[in-house]
Amino acid sequence: IPALLGLALALASLLPTAGARRSQDLHCGACRALVDELEWEIAQVDPRKTIQMGSFRINPDGSQSVVEVRPLPVSPSPVPLRGDPSDPSPGPQVPYARSEAHLTELLERVCEKMKEYGEKLDPTTHRKSYVRVISHDGTKMDLSGLKFDGDVTSSLKFACESIAEEYEDELIEFLSHEAENVKDRLCSKRT
C-alpha cells in the first residue's frame, strides 16, 4: 500500500505540469495563429489604398474640417503636433493596411478564423500545435493526425480573444511598423 500511495502521489504531482503545458501550448498556438491571420489579412489589402489621419470636426457653419494629428518629431522642430483647426485641408494619407483603424478592425474579428484550425499532437514531444484545416487559397490540406472539433476550436478562439485583448496595443505597434518576427517577439516571450 505505501508503494501505491507513493505512485499515486508521483502521478498527482505530474498533473499540474501536464495541465500547464497544455495551457502553454494552447496560448502559444493561439498567439501564433492570431499573428499569422493578421499578417495574411494585411497582405490582402491593396498597397495603394490609404486612409486619412486626423480627427474630423464639424464647424459651427456645418462644414467639416480635419484636425491633423502628426506623430511626434524625432528631433525638436517648430512643427506643431496638431494642425490648425480652421484649416480645412485633409490630414496626411497613410497606408490603410497597417493603419491603426484597420488593425483595430481586424483584431475585433480575427479570432473567428480559429474555427479553421485543428490541433496536432507531436508523437515525440507530446506537445500540441495548431494548424489551419482550411487553406486561404482553397488548396488541399494534409489533415492526417489532426483533431478538429468544437472543443478545440472554442478553446483556441477563447485563447485568441484573451491574447488579442491583453496585447492589443503591442500587436498594433508591432504590425503597424512591419516589425520582423512578430510571432517570436510577442508569442514566445509573453504567452
Hey, what do you get for [atom1] ([X]) to [atom2] ([Y]), rounding to the nearest 0.5 Å?
| X | Y | atom1 | atom2 | answer |
| --- | --- | --- | --- | --- |
| Thr104 | Glu108 | OG1 | CD | 7.0 Å |
| Leu107 | Glu41 | CG | CD | 11.0 Å |
| Glu173 | Leu171 | CD | CG | 11.0 Å |
| Asp25 | Lys128 | CG | NZ | 7.5 Å |
| Tyr96 | Ile51 | OH | CD1 | 6.0 Å |
| Ser99 | Lys49 | OG | NZ | 9.0 Å |

Which is it for Arg185 and Phe174 under the side chain to side chain contact (heavy atoms under 4.5 Å, CB included) test, yes or no, and what are the steps along the way?
-> CA-CA 9 Å; Arg185 291 172 66 188; Phe174 286 149; 3.2 Å; yes
Minimum heavy-atom separation for [X] and [Y], please, with both atom names.
| X | Y | answer |
| --- | --- | --- |
| Met114 | Val110 | CE-O, 4.2 Å |
| Ala30 | Cys160 | CB-N, 3.8 Å |
| Cys111 | Glu161 | SG-N, 3.4 Å |
| Ala97 | Leu103 | O-CD2, 4.0 Å |
| Cys187 | Arg32 | SG-N, 3.6 Å |
| Asp142 | Leu146 | O-CD1, 4.1 Å |

Hey, does [Y] have a side-chain heavy atom less than 4.5 Å from the side chain of [X]?
| X | Y | value |
| --- | --- | --- |
| Ser155 | Leu26 | yes |
| Leu121 | Lys147 | no |
| Asp122 | His126 | no |
| Glu112 | Lys157 | yes |
| Ile172 | Glu100 | yes |

Parallel under 30°, tilted from 30 to 60°, perpendicular over 60°: which one fits the rings of Trp40 and His136?
->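 Parallel.
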Take atom CD in Gln44; do more than 12 heavy atoms of anything else shown fall under 6.0 Å from it?
->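 Yes.
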More than 12 heavy atoms of other residues, nucleotides or ligands under 6.0 Å from CD of Glu39: is that the case?
->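 Counting neighbours around CD of Glu39, more than 12 heavy atoms of other residues, nucleotides or ligands fall under 6.0 Å, so yes.
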Tell me whether [X] contacts the main-chain N or O of [Y] through its side chain, where contact means a donor paired with an acceptor under 3.5 Å.
| X | Y | value |
| --- | --- | --- |
| Ser154 | Asp151 | yes |
| Asn181 | Asp184 | no |
| His102 | Arg98 | no |

With Leu34, which of Ile163, Leu156, Leu106 fulfils side-chain contact (heavy atoms from CB on, under 4.5 Å)?
->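 It is Ile163; the other options fail the test.
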Would you tell me whether Tyr117 and Glu37 have side-chain atoms, one donor and one acceptor, within less than 3.5 Å of each other?
->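 Their side chains do contain a donor-acceptor pair, which is all the 3.5 Å distance test asks for.
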How far apart are the C-alpha atoms of Arg132 and Lys113, what are their side-chain angles, what is the distance that settles it, and do they pass the side chain to side chain contact (heavy atoms under 4.5 Å, CB included) test?
-> CA-CA 9 Å; Arg132 274 189 146 277; Lys113 301 277 187 180; 4.2 Å; yes
Could you check Asp36 against Lys183 for salt bridge (Lys or Arg N to Asp or Glu O under 4.0 Å), going step by step and ending with a plain yes or no?
-> CA-CA 8 Å; Asp36 282 343; Lys183 279 193 278 192; 2.7 Å; yes
Could you check Phe148 against Leu143 for side chain to side chain contact (heavy atoms under 4.5 Å, CB included), going step by step and ending with a plain yes or no?
-> CA-CA 9 Å; Phe148 181 68; Leu143 303 179; over 6 Å; no
